[in-house]
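See below for the structure under consideration.
Counting convention: from 1, in listed order, for ligands and their atoms alike. This one's a predicted model, so the numbers in the text were calculated from it and none came from an experiment.
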Amino acid sequence: MSTGALFGDDQHEEELLFRFAVDRINSDSTILAQTTLVPQIERVDHFDSFHANKRVCSLLNNGVVAIFGPSGLSASSSHTQSICDALEIPHVETSWDFQIQRDDLSINLYPKTVVLAKAYIDLVKAWNWKVFAIAYETNEGIIRIQEFLKEAERHDWQIFLYQFKPGKPYRDTFWEINKSHSKIVNIVLDVKHENLVNVLRHAQQVGMMTEIHSYLITSLDLHTVDLEDFKFGNTKISSFRLVDVISPELQDLMSQWSLLASKIGKKHILPPKYILTDSALVYDGVKLLATALQDLDQSQSVDGIQPISCENGSPWLYGSSLINYMRPITFRGITGLVGFDQSGYRSNFALDVMSIFPDGLQKIGYWTENSQVNGTSSLQINSDMMKQYSVISMKNVMLRVTTIISEPYTMWKESAISREGNQQYEGFAVDLIEELSKIMGFSYRFQLVKDNAYGIKDENGNWNGMIGELIRNEADIAIVDLTISSKREEAVDFTQPFMNTGISILFKKPTTKVTTLFSFLSPFQNIVWIYVLGAYISVSTILFIVGRLTPYEWDDPHPCRQGDNVLENNFSLINSFSFTIGTMMQQGSAVAPKAMSTRTVAAIWYFFTLIMISSYTANLAAFLTVEKVIYPIEDAEGMASQTQIKYGCLGTGTTKAFFAESKIPTHQRMWAFMKNNPSVFTKSNRDGIERVQKSNGNYAYLMESASIEYKIERDCNLTQIGGLLDTKGYGIASPKDSPYRNPLSHAILKLHENGILLQLKDRWWKQKKGGGKCAEETKKSSAVNNLSIDHVGGVFVVLLGGLTLSFLVAIFEFIWKARKSADKEESVIDEMIKDLRFAFACQSKTKIVQKNDDFVKDKFSDSCPPQYGSDYNTIY
Ligand code: GLU
């Protein structure tokens with residue numbers, strides 16, 4: 001049985017692989033054991049379809065079961081396909097084709113364009129490209145990349161298309177890309193594999209092969225190209241590979257190359273390092289044909305094939321059956337898993353993701369297509385390789401770092417000798433970039449921003465300052481207290497923030513000490529004073545009531561006049577009030593409680609006054625030693641609602657942009673004030689701080705809290721007023737789509753995690769350049785607060801408890817005494833009611849009682865002088 005193939009003059013490798021494959025099938029006893037396949041090869045000119053027509057007809061005249069080739073999108077190829085279709089001879093193709101559907105009698109082992117495009121797009125997404133150029137060579141290239149254009153519409157991609165001009169050096173096109181879109185560092189290259197080295201070399205010649213450039217090569221044959229010249233430049237060059245280079249079959253085949261070549265008389269073809277995708281597909285195609293023939297042979301007897309004439313021949317009987325046997329076959333070939341979908345194209349295949357490293361081209365992952373699950377695909381990239389890749393890409397890179405003099409981020413180094421280059425600067429940002437360079441291996445050179453601005457956009461949409469320098473590619477990164485903002489994010493890329501901050505107010509502390517006539521009241525809050533007054537009145541009143549209630553406070557007016565029927569009570573209303581105030585002021589009192597209940601009231605009052613007086617004295621001492629300052633403004637709201645104190649901010653930073661764009665009425669009022677008084681804007685934060693220092697309290701400066709914190713640690717006359725008006729962070733900025741952003745972000749996170757950033761902050765804020773000077777003072781002033789009810793409330797509770805107890809005791813005393821002295825004729829209850837009425841009537845401090853003689857005798861003392869006679873009663 002013969003099988004035909006059409007190869008161009010330049011397709012030696014394909015031809016050889018075709019012969020190898022046929023040879024192997026013939027020597028393999030497990031496949032087509034009864035039949036010998038005979039290769040029939042014809043040479044064709046890709047562009048001469050008449051010649052190709054003749055060659056196809058000659059093959060058919062010889063009687064072939066299938067025709068391979070010719071490859072490529074040539075007229076010869078489409079002619080061959082239509083002849084095969086008409087005469088029902090299976091046509092096996094092994095090269096790229098743009099058709100969506102194969103003809104009935106045709107099968108293609110090369111992956112379908114849309115599926116390959118999906119793989120390219122997945123990779124572009126993985127590399128996170130947003131802006132890139134596509135440079136293509138032939139018109140077919142535009143068909144291969146049309147999926148990119150569709151995808152760009154869906155995502156926010158910016159794609160610039162370039163075609164290499166025939167007859168012109170490739171470098172012209174690269175030059176054009178570089179000149180018109182200098183920010184483009186990502187390029188999709190669609191060129192033939194044989195031109196790849198040349199194209200890459202031309203890119204190198206115009207400076208488009210640096211460590212910041214990335215290339216995605218659409219050819220599946222990058223592995224066959226000599227990349228020696230490009231592997232040390234750290235340029236990211238990636239592509240896909242279909243050939244399964246580690247398949248044992250391919251290894252075996254390569255090892256026998258010379259032997260097989262001599263066997264079939266092609267000795268002069270040297271073994272390649274790796275075979276081309278098209279050649280590998282020819283090999284797998286022959287295997288596919290042999291397997292299908294065997295299946296066909298087993299189901300029906302195919303007794304050879306008669307010569308078919310192109311002019312009046314009738315179609316081959318078994319052609320359709322043979323192609324139908326080919327389609328469902330799956331096997332592992334040297335291009336991975338071979339299988340087909342309904343349209344006659346490869347399906348469910350896998351591609352290796354290849355990238356260039358100093359060791360050469362390496363597999364860093366794989367891409368797989370799953371046509372069964374709704375055409376889904378998945379891309380797996382080895383994370384270690386990715387990491388290595390990004391680390392390598394920063395090695396030996398010299399970064400131009402733009403910065404601005406701003407304390408304590410970048411400062412001139414104080415030194416007796418004159419310094420040059422990076423040695424001139426010190427500060428947090430300088431240390432930070434040094435730490436990052438240690439992790440990532442790059443070197444850097446500081447350059448001060450020319451216009452001394454951070455970066456804001458003017459009315460024409462142009463950026464100034466460091467942001468402008470990054471956009472114009474005058475610097476690679478910007479590092480200082482550069483705030484991340486959404487407007488800036490549109491123009492440049494920011495890393496993860498290395499510090500958090502927010503806008504606040506810097507103000508000068510009033511220098512005059514505030515003295516008030518009533519500062520002795522300051523130890524307690526007003527409410528505490530009210531409570532104390534309330535306690536005084538209630539305790540005095542309760543003492544008076546308890547004193548009247550308890551019988552033991554009713555006593556003979558004089559010890560020598562015990563026989564009289566008159567009793568006196570010391571706790572009149574006035575005496576009760578003077579007793580409590582006297583004891584409170586620690587002066588004592590002329591009246592002393594005698595009953596248990598009144599003593600309870602007195603005891604609890606003593607306790608109360610002890611605690612209150614001690615607290616008062618202690619807090620008064622603290623108040624007298626601390627200077628109390630009163631600020632004319634307390635927050636942004638207070639600032640917006642006055643006109644006496646002027647306020648402003650930096651004229652080229654995000655603070656100004658914040659007020660200009662804010663929708664909050666207070667901020668809008670502040671912005672209106674600042675806009676109408678442009679003199680309040682400063683050229684640098686240093687100018688703003690100096691203005692506050694010299695201001696005598698009539699200028700406040702709106703500044704970021706991290707910088708305020710630094711300043712008020714050192715200048716104790718300055719202070720921060722109010723909280724933060726917003727929250728934001730400082731990041732390192734790089735040009736849009738810069739390859740440095742992700743590795744830098746990664747390294748910043750590392751510095752966060754291992755505490756280095758905290759250490760740096762501590763060093764530059766608290767230690768160096770006079771840090772910590774005002775910390776003590778801040779502590780002192782924050783320690784004194786007047787006492788609130790929360791501090792002393794407990795004493796009042798105890799007082800309340802004591803008073804309740806005294807009431808209970810008084811009631812007990814009252815009942816006890818009433819029972820003892822009850823009249824024989826009167827009941828105890830009546831006696832008690834009478835006494836109670838008297839007590840609560842509060843009319844007199846004396847009362848008439850009936851005493852029995854025993855009682856008088858017991859108590860009366862012989863030592864009383866005789867002048868205390870019966871007229872004593874008349875005194876009262
Ligand atoms: N950090 C600000 C910026 O990046 C500068 C200071 C400010 O605006 O307060 O623009």
Side-chain angles (χ1 to χ4, degrees), residues 401-411 427-429 432-433 448-458 462-471 475 477-507 636 639 647-662 667 670-671 674-675 678 680-692 699-712 718 720-735 761 764-765:
V401 183
T402 177
T403 189
I404 194 168
I405 296 294
S406 166
E407 283 181 306
Y409 306 94
T410 313
M411 301 176 281
F428 179 87
L432 173 60
I433 195 84
L448 288 183
V449 59
K450 288 185 202 83
D451 56 3
N452 203 28
Y454 281 79
I456 67 177
K457 203 173 174 178
D458 65 14
N462 297 326
W463 286 88
N464 68 357
M466 289 176 277
I467 304 292
E469 288 197 351
L470 291 175
I471 294 171
I477 56 168
I479 185 166
V480 71
D481 52 335
L482 191 64
T483 309
I484 303 170
S485 73
S486 58
K487 272 261 161 64
R488 286 179 177 173
E489 273 277 10
E490 286 167 16
V492 293
D493 276 345
F494 277 98
T495 59
Q496 293 281 339
F498 56 80
M499 192 181 284
N500 293 320
T501 188
I503 300 172
S504 197
I505 306 165
L506 181 75
F507 195 58
M639 199 150 95
Y647 46 88
C649 64
L650 184 75
T652 60
T654 42
T655 303
K656 184 178 177 188
F658 167 81
F659 284 102
E661 286 153 24
S662 179
H667 301 162
M670 289 168 78
W671 173 242
M674 292 193 270
K675 213 165 75 176
V680 296
F681 294 116
T682 61
K683 286 213 173 80
S684 67
N685 275 342
R686 174 181 273 258
D687 288 356
I689 295 164
E690 266 171 24
R691 211 159 150 181
V692 173
Y699 181 79
Y701 188 58
L702 291 151
M703 187 166 142
E704 281 157 341
S705 61
S707 305
I708 293 184
E709 210 183 302
Y710 172 79
K711 210 61 220 172
I712 62 176
L718 298 182
Q720 177 180 337
I721 302 258
L724 303 184
L725 307 190
D726 65 348
T727 49
K728 49 204 179 185
Y730 296 142
I732 299 178
S734 54
K761 172 125 199 241
W764 288 105
W765 265 254

**Asked** Which is it for Leu482 and ligand 1 at heavy atoms under 4.0 Å: side chain, backbone, both or neither?
**Response**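 The part of Leu482 near ligand 1 is both the backbone and the side chain.
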Any donor-acceptor pair under 3.5 Å from [X] side chain to [Y] backbone:
X	Y	answer
Thr495	Ile732	yes
Thr501	Ala706	yes
Asn464	Ile456	yes

Output yes when the distance from some N or O of ligand 1 to some N or O of [X] is under 3.5 Å, and no in every other case.
X	answer
Tyr454	no
Asn685	no
Thr652	no

**Met411 to Ser406 - nearest heavy-atom pair and separation** =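 Looking at all heavy atoms of both residues, the closest pair is CG-O, 4.4 Å.
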Which of the ligand 1 atoms, numbered from 1, are nearer than 4.0 Å to a heavy atom of [X]:
X	result
Leu650	5 (C), 6 (C), 7 (C), 8 (O)
Asp481	1 (N), 2 (C), 3 (C), 4 (O)
Gly653	8 (O), 10 (O)

**Prompt:** When rounded to the nearest 0.5 angstrom, what distance separates CD in Glu704 from CG in Leu725?
**Reply:**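 Glu704 atom CD to Leu725 atom CG measures 11.0 Å (nearest 0.5 Å).
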**Asked** Is the closest heavy-atom distance from Glu704 to ligand 1 below 4.0 Å?
**Response**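 Heavy atoms of Glu704 do come under 4.0 Å of ligand 1.
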**Prompt:** Arg488 near ligand 1, heavy-atom distance under 4.0 Å?
**Reply:**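 Flag set, Arg488 near ligand 1.
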**Stepwise side-chain contact (heavy atoms from CB on, under 4.5 Å) check, Leu650 with Tyr701** = CA-CA 9 Å; Leu650 184 75; Tyr701 188 58; 3.6 Å; yes
**Parallel, tilted or perpendicular: ring planes of Trp765 versus Tyr409, cut at 30 and 60 degrees** =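 Geometry flag for Tyr409 against Trp765: perpendicular rings.
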**Asked** In the protein, what heavy atom is nearest to atom 9 (O) of ligand 1, and what distance, to one decimal place, separates them?
**Response**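 Looking at atom 9 (O) of ligand 1, the protein heavy atom closest to it is Thr655 OG1, 2.4 Å.
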